[in-house]
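Encoded as structure tokens, the structure appears first; notes follow it.
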Protein chains: 2
Amino acid sequence: MDNRKQRSERRTDALSRERIVEAAIEILDADGEAALTFRALASRLSTGSGAIYWHVADKGELLAACADAIVVPLMRIEVMAGEPREGIRLIALGIFDAIDRHPWVGSQLFREPWRFGMLQMFESVGARLLKLGVPDKALFDCVSALVSYILGVAGQNAANARMHPEGTDRSSLLAAVAARWEESDAEDYVAVRKMATQLRDHDDRAQFLAGIDLLLNGIAHLR
Amino acid sequence: MDNRKQRSERRTDALSRERIVEAAIEILDADGEAALTFRALASRLSTGSGAIYWHVADKGELLAACADAIVVPLMRIEVMAGEPREGIRLIALGIFDAIDRHPWVGSQLFREPWRFGMLQMFESVGARLLKLGVPDKALFDCVSALVSYILGVAGQNAANARMHPEGTDRSSLLAAVAARWEESDAEDYVAVRKMATQLRDHDDRAQFLAGIDLLLNGIAHLR
DNA sequence: ACCTGAACACCGTTCAAGT
DNA sequence: ACCTGAACACCGTTCAAGT
């Protein structure tokens with residue numbers, strides 16, 4: 001996982017799809033989605049902006065390739081050992097953590113829902129649900145629900161990162177929103193007021209896992 | 001001479017935030033997110049592109065205002081009559097159907113997660129979960145899970161619409177993907193192969209509701 | 001084959017100038 | 001106060017010309 005190379009780009013290296021994707025990911029991670037332009041990318045690769053088009057069709061394909069480079073390795077189908085529920089939790093957490101590190105992936109996952117990575121994800125989750133005894137008839141709905149939920153959280157994380165890039169003090173931001181929630185009308189906003197405290201000091205990762213467990217719970221009590 | 005009355009009678013109404021948002025929504029619905037430019041909007045409103053900036057800060061605010069115009073009315077907190085589970089289903093379906101009609105809303109909901117509409121949604125869902133007997137401590141996690149799931153489906157629908165705009169024959173597209181699923185390796189893709197048939201003739205709306213029910217099921221079996 | 005970089009068509013946004 | 005529309009800085013993409 002930790003293949004941190006020397007940053008000294010040798011200008012003698014030929015351009016390649018992999019080098020382009022690698023550089024693009026560095027830009028995305030460092031400065032966000034808006035910073036990835038063909039000009040910035042070309043300059044980082046010490047080449048002309050047109051050169052990139054020899055290896056990549058357009059910006060959409062470039063972003064998709066970047067997302068695949070992050071997500072597909074996570075989806076490798078491991079031997080089906082271990083408790084299936086735990087396996088699903090680990091798959092979900094793997095995606096959650098990856099998107100935590102690379103928030104731009106979150107917005108990207110929606111674009112090409114039937115790409116290779118998605119197939120892998122359906123298989124990884126589906127196989128484990130089968131092992132849990134989920135009937136064939138309900139399988140697709142259950143897997144879809146889990147995947148949709150994971151993507152929903154991913155998308156929110158990505159949006160969060162886009163709006164509060166890096167430095168923002170998250171806990172004081174949550175505190176501010178929680179304060180607004182607490183001040184809302186006592187009659188019309190009963191539930192929101194009750195949730196304010198939990199909003200203030202919740203942990204995103206734990207909350208994500210709680211949602212996965214709710215779904216697994218619901219799946220276990222099917223029919 | 002006072003000519004204000006006269007002006008209000010004229011056919012060309014003054015520009016206003018509402019008229020701008022209304023026209024923007026028409027463009028978004030008709031031709032998608034990429035078609036909404038300040039130039040196109042100005043031309044539809046028979047005005048200069050700079051004029052819009054008098055009423056709207058920038059494009060981000062414009063898109064957010066458009067999304068709010070669709071979503072906020074759905075979130076009106078109705079009297080808490082009726083069965084709570086059914087109420088949550090109706091709220092969720094309302095959002096699903098709205099995003100089905102206006103797919104661009106799906107991608108927009110992620111951007112400003114703590115906007116007014118979101119507060120309303122948390123209250124509408126939260127109040128009903130309280131009525132179901134969900135303990136205060138678990139409330140925020142449960143509401144978050146439901147909202148994340150709804151947003152996840154919304155985002156996927158929006159992406160779908162962006163990729164297959166309007167005319168595409170959905171059922172033959174699903175059939176094509178299902179065929180690929182069926183042809184995948186029999187050993188490595190057991191689950192995917194079992195899901196192929198269901199993928200081919202599933203209904204998005206029913207599947208969405210199935211996911212909501214899984215979550216409600218899981219919530220009901222909390223302890 | 002691969003790369004260069006100017007050129008093109010388009011964007012969001014600004015702002016002096018008008019009413 | 002509100003609107004005009006040219007101008008600016010930037011984009012993705014193309015393509016004749018180079019190696």
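A, B, ... follow the sequence lines: proteins, then strands. Residue 1 opens every chain.
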Point to revise | Distance below 4.0 Å between B:W54 side-chain N/O and D:dC3 OP1 or OP2 | key: no
Check your understanding: Under 4.0 Å between a Lys/Arg side-chain N and an Asp/Glu carboxylate O for A:R205 and A:D97?
Key -> yes
Review point. Is it the case that B:E183 and B:Y189 place a side-chain donor and acceptor less than 3.5 Å from each other?
Key: no
Practice item. Kindly assign one of parallel, tilted or perpendicular to the pair A:F38 and A:Y53, based on the angle between their ring planes and the thresholds 30° and 60°. Key: parallel
d([atom1], [X]; [atom2], [N]) in whole Å:
{"X": "A:K59", "N": "C:dC11", "atom1": "NZ", "atom2": "C1'", "answer": "13 Å"}
{"X": "A:D58", "N": "D:dT14", "atom1": "CG", "atom2": "P", "answer": "8 Å"}
{"X": "B:E33", "N": "C:dC11", "atom1": "CD", "atom2": "P", "answer": "14 Å"}
{"X": "B:I52", "N": "C:dT13", "atom1": "CD1", "atom2": "P", "answer": "11 Å"}
{"X": "B:E61", "N": "C:dT13", "atom1": "CD", "atom2": "P", "answer": "11 Å"}
{"X": "B:Y53", "N": "C:dA16", "atom1": "OH", "atom2": "P", "answer": "17 Å"}
{"X": "B:L36", "N": "C:dT13", "atom1": "CG", "atom2": "C1'", "answer": "15 Å"}
{"X": "A:R39", "N": "C:dA7", "atom1": "CZ", "atom2": "P", "answer": "13 Å"}

Check your understanding: Counting side-chain heavy atoms from CB outward, which of C:dA6, D:dC3, D:dG12 is closest to A:S49?
Key -> C:dA6
Review point. Can you tell me if A:Y149 uses its side chain to pair, donor with acceptor, with the backbone of A:F208 under 3.5 Å?
Key: yes
Exercise for review: Test A:R128 against A:E123 for salt bridge (Lys or Arg N to Asp or Glu O under 4.0 Å), laying out the working first.
Suggested key: CA-CA 8 Å; A:R128 284 170 173 85; A:E123 178 63 29; over 6 Å; no
Review point. Touch check for A:L41, heavy atoms < 4.0 angstrom, all strands: base, sugar-phosphate only, or nothing?
Key: nothing
Exercise for review: Identify whether any heavy atom of B:L62 sits under 4.0 Å from a base atom; if not, whether one sits that close to sugar-phosphate; answer base, sugar-phosphate or nothing.
Suggested key: nothing
Check your understanding: Given that A:A35 and B:H55 both sit by DNA chain D, which one's nearest nucleotide is further toward the 5' end?
Key -> B:H55
**Study point:** Residue closer to the 5' end of DNA chain D, B:S16 versus A:A51 (nearest nucleotide)
**Key:** B:S16
Study note, to complete from the structure: Scanning all shown strands, the Watson-Crick or wobble mate of C:dC15 with both distances under 3.5 Å is D:dG5
